[in-house]
Engineer: 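This is the structure, below, for whatever I ask next.
Here the structure is a predicted model, which is why all the values come from computation and not from measurement. Throughout, a chain's letter reflects where its sequence line sits, starting with A, and its residues are numbered from 1.
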Amino acid sequence: MQELIAPFLYDYMLKAMFVSALVGAVCAFLSAFLMLKGWSLMGDALGHAVVPGVAGAYLLQLPYAAGAFISGMLAALGMALVKQRTRLREDAVIGLVFTTFFAAGLLLASIYPTSVSIQTIVLGNILGISDEDVIQVIIIAAVSLTILIAKWRDLVVVFFDETHARTVGINAFALKIVFFTLLAACTVAALQTVGACLVIAMVVTPGATAYLLTDRFGRLIILSVLIGAGTSFFGAYISYFLDGATGGVIVTLQTLLFLAAFYLAPKHGVLAGRRRQSSASSEGAIP
Amino acid sequence: MSSAPVFLAGASGAEGVVASLSVRDVTVAYPSGVTALLDATFELGAGTICGLVGVNGSGKSTLFKAIMGFVTPSRGQVRICGLSVNQALKRCCVAYVPQSEEVDWNFPVLVEDVVMMGRYGHMNFLRIPTAKDKEKVTESLERVNMLRFRHHQIGELSGGQKKRVFLARALAQEAPVILLDEPFTGVDVKTETAIIELLRQLRASGHLMLVSTHNLGSVPDFCDQVVLLNRTVLASGPTATTFTPQNLERAFGGVLRSFRIEGGDLHDDHDARSVTVLTDDERPVVYYGEGGPEEEPLRRTDKGA
Ligand SMILES: Nc1ncnc2c1ncn2[C@@H]1O[C@H](COP(=O)(O)OP(=O)(O)OP(=O)(O)O)[C@@H](O)[C@H]1O
Ligand SMILES: [Mg+2]
């Protein structure tokens, strides 16, 4: 028993658990939208694209969030530009741009070694997060959550039917810019908790899990946020005992939940599908 | 037609607006180099159902997109209810039912959620539905006879049912001007009749509707105005004087099948009347009478000769 509450006795663990939960919640909110548009890879791309920004920011002793955000936006712009000017498909464009950025980041970090190792960026280091970084993350998360809560209904219309969004006077273009800005910002925040490699899980898995559980967008968001916050909180908690990488634990938890939903979901799960099929065929047998 | 009632929609809606649509010298060229519309011009007022007919590729959908501002005309201008396109959209003056809904049918939204999206223009900043919004959604679903599907996920419907849901969304929008791009394709006759009845009711309450269709036979049935299109407006005006075989042949050229059976071919005694059937393989339009093609076309509701 004493053992189980041990993490709560340490300041750094408390910080880690709450910051993780907050980041998990915002990323999960975004994931509800991302995975529906087939833009999941955007999360991965941005996660890698911010690396040179972070390395550069440490080099110039700027807040890391600023650097990450700038390179994230540059990458997003680059993708938009390449997509507009060529006939390449989206996945090729994303792959092209984010590997370029990631390579630049690696190069930068290896030529000018700084206080931050590339490993910290790639794997995250929530247990060792500094107080300034905590404040940056909290500001990013708070602003993002406020905007998302106020505007999620408009975003649903834009993502579902952009044409219609225009006819009810919604500025679809502006909203999409806001969305991608938030995504870039939250990717930066998630860098701290799970690292660049696993950011994609944070912005895909909770939404994908919730999608199997409901047909209503409002509920999908609530479920997704609960999953994201819960797994992040407990992931950080469990990593205390395992002495392992927090990111790995969080994402493993999310995957376990996804698998559970995949099998057990009441309407869209594998088991429910089988049950329906067998009841349909037995009905069919009765003349 | 009926007098033009002033719309008394919600606070942010189209209050104090009289339906009208003016398309002047509108020219649209796509980046591919195709000039889809050339100097299209026509005017419509309140309490009107206007049929928009023309062959495939004649620019009907392009005209709708130009009216909605989805493509920018290289020349000419569109005014809706006396406002510019952007102002009209902001004030919820136009509803649009596209030819094919390019939406993700697996999206986690229910039928009633989709119809509620029609109400957004009437809602506040946070888009929290009021009792009135919910009432309108129910009423709109009822009018297209889809109320019992309200809790279905949108992808669980048939093609015709999906069409009706998007029609309900347009109704919920309470816009004075409604644009419908081929609302009858893939819809059974019963539903078509129901939709036409609905359009008539909307006309009686002062709405302006522009409806593109390939069902030539039903045009005289419910349209009081027609616009014949083939890259440009060939003819426009009241159905009785504009929807003539000559104009149709100009609009459709060789595409249209035309049968003309003179009185002498039908019976022995002298009879100057003849039957003319025009069809582009959907529902044909039939003209019958002495003057031949100058006659008004037969309506489906005119039983017998
Ligand atoms: N996005 C586009 N890019 C380039 N050309 C286009 C585009 N959309 C339509 N066109 C061209 O513009 C012309 C008019 O097309 P439009 O879709 O307006 O015809 P339509 O009258 O609606 O035809 P249908 O009866 O088949 O619906 C066609 O020649 C078409 O090839
Ligand atoms: Mg068309």
Engineer: Name the member of A:Arg219, A:Arg153, A:His164 that forms the most heavy-atom pairs with chain B at distances under 4.5 Å.
Structural biologist: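 Ranked by contacts with chain B, first place is A:His164.
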Engineer: Pick from B:Phe166, B:Phe125, B:Tyr96: which one has the most heavy-atom pairs with chain A under 4.5 Å?
Structural biologist: B:Phe125
Engineer: Does any backbone or side-chain atom of B:Gln87 lie under 4.5 Å from a heavy atom of chain A? Answer side chain, backbone, both or neither.
Structural biologist: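 Answer is neither: B:Gln87 stays 4.5 Å or more from chain A.
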Engineer: Looking only at non-hydrogen atoms, find the nearest pair between B:Val187 and B:Gly160 and report the distance.
Structural biologist: CG2-CA, 4.3 Å
Engineer: Name the region of A:Lys151, side chain, backbone, both or neither, that has any atom closer than 4.5 Å to a heavy atom of chain B.
Structural biologist: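 The side chain, not the backbone.
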Engineer: Check whether any side-chain heavy atom of A:Thr181 sits under 4.5 Å from a side-chain heavy atom of A:Met73, and report yes or no.
Structural biologist: yes
Engineer: Angle class for the A:Phe33/A:Phe29 ring planes (parallel below 30°, perpendicular above 60°, tilted otherwise)?
Structural biologist: parallel
Engineer: Please work out whether the ring planes of A:Phe160 and B:Phe107 are parallel, tilted or perpendicular, with thresholds of 30° and 60°.
Structural biologist: tilted
Engineer: Looking at B:Leu21, B:Val18, B:Ile178, which hits side chain to side chain contact (heavy atoms under 4.5 Å, CB included) with B:Leu208?
Structural biologist: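 Looking at B:Leu21, B:Val18, B:Ile178, the match for B:Leu208 under the side chain to side chain contact (heavy atoms under 4.5 Å, CB included) is B:Leu21.
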Engineer: Where on B:Asn86 is there a heavy atom nearer than 4.5 Å to chain A: the side chain, the backbone, both, or neither?
Structural biologist: side chain
Engineer: Using non-hydrogen atoms only, which part of A:Leu36 is less than 4.5 Å away from chain B: side chain, backbone, both, or neither?
Structural biologist: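 The answer is both parts of A:Leu36.
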Engineer: If I measure from the heavy atoms of chain B, does A:Tyr211 come under 4.5 Å with its side chain, its backbone, both, or neither?
Structural biologist: side chain
Engineer: So what's closer than 4.5 Å to chain A heavy atoms on B:Asp104: side chain, backbone, both or neither?
Structural biologist: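 Both the backbone and the side chain of B:Asp104 come within 4.5 Å of chain A.
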Engineer: Could you grab the distance from atom CG of A:Leu22 to atom CZ of A:Phe18, nearest 0.5 Å is fine?
Structural biologist: 10.5 Å
Engineer: With a 4.5 angstrom heavy-atom cut-off, is it the side chain or the backbone of B:Val109 that approaches chain A, or both, or neither?
Structural biologist: both
Engineer: Classify the side-chain pair B:Gln99/B:Ser61 by whether it contains a donor and acceptor separated by less than 3.5 Å.
Structural biologist: yes
Engineer: Between B:Leu126, B:Val114, B:Leu110, which shows the greatest number of heavy-atom pairs under 4.5 Å with chain A?
Structural biologist: B:Leu110
Engineer: CE of B:Met117 to CZ of B:Arg127: how many Å apart, nearest 0.5 Å?
Structural biologist: 12.0 Å
Engineer: Just give me the residue among A:Ile170, A:Asp154, A:Ile149 that pairs up with chain B most often, heavy atom to heavy atom, under 4.5 Å.
Structural biologist: A:Asp154
Engineer: Output the option from B:Met116, B:Met68, B:Arg169, B:Gln173 having the highest count of non-hydrogen pairs under 4.5 Å with chain A.
Structural biologist: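 Answer, by heavy-atom pair count under 4.5 Å with chain A: B:Arg169.
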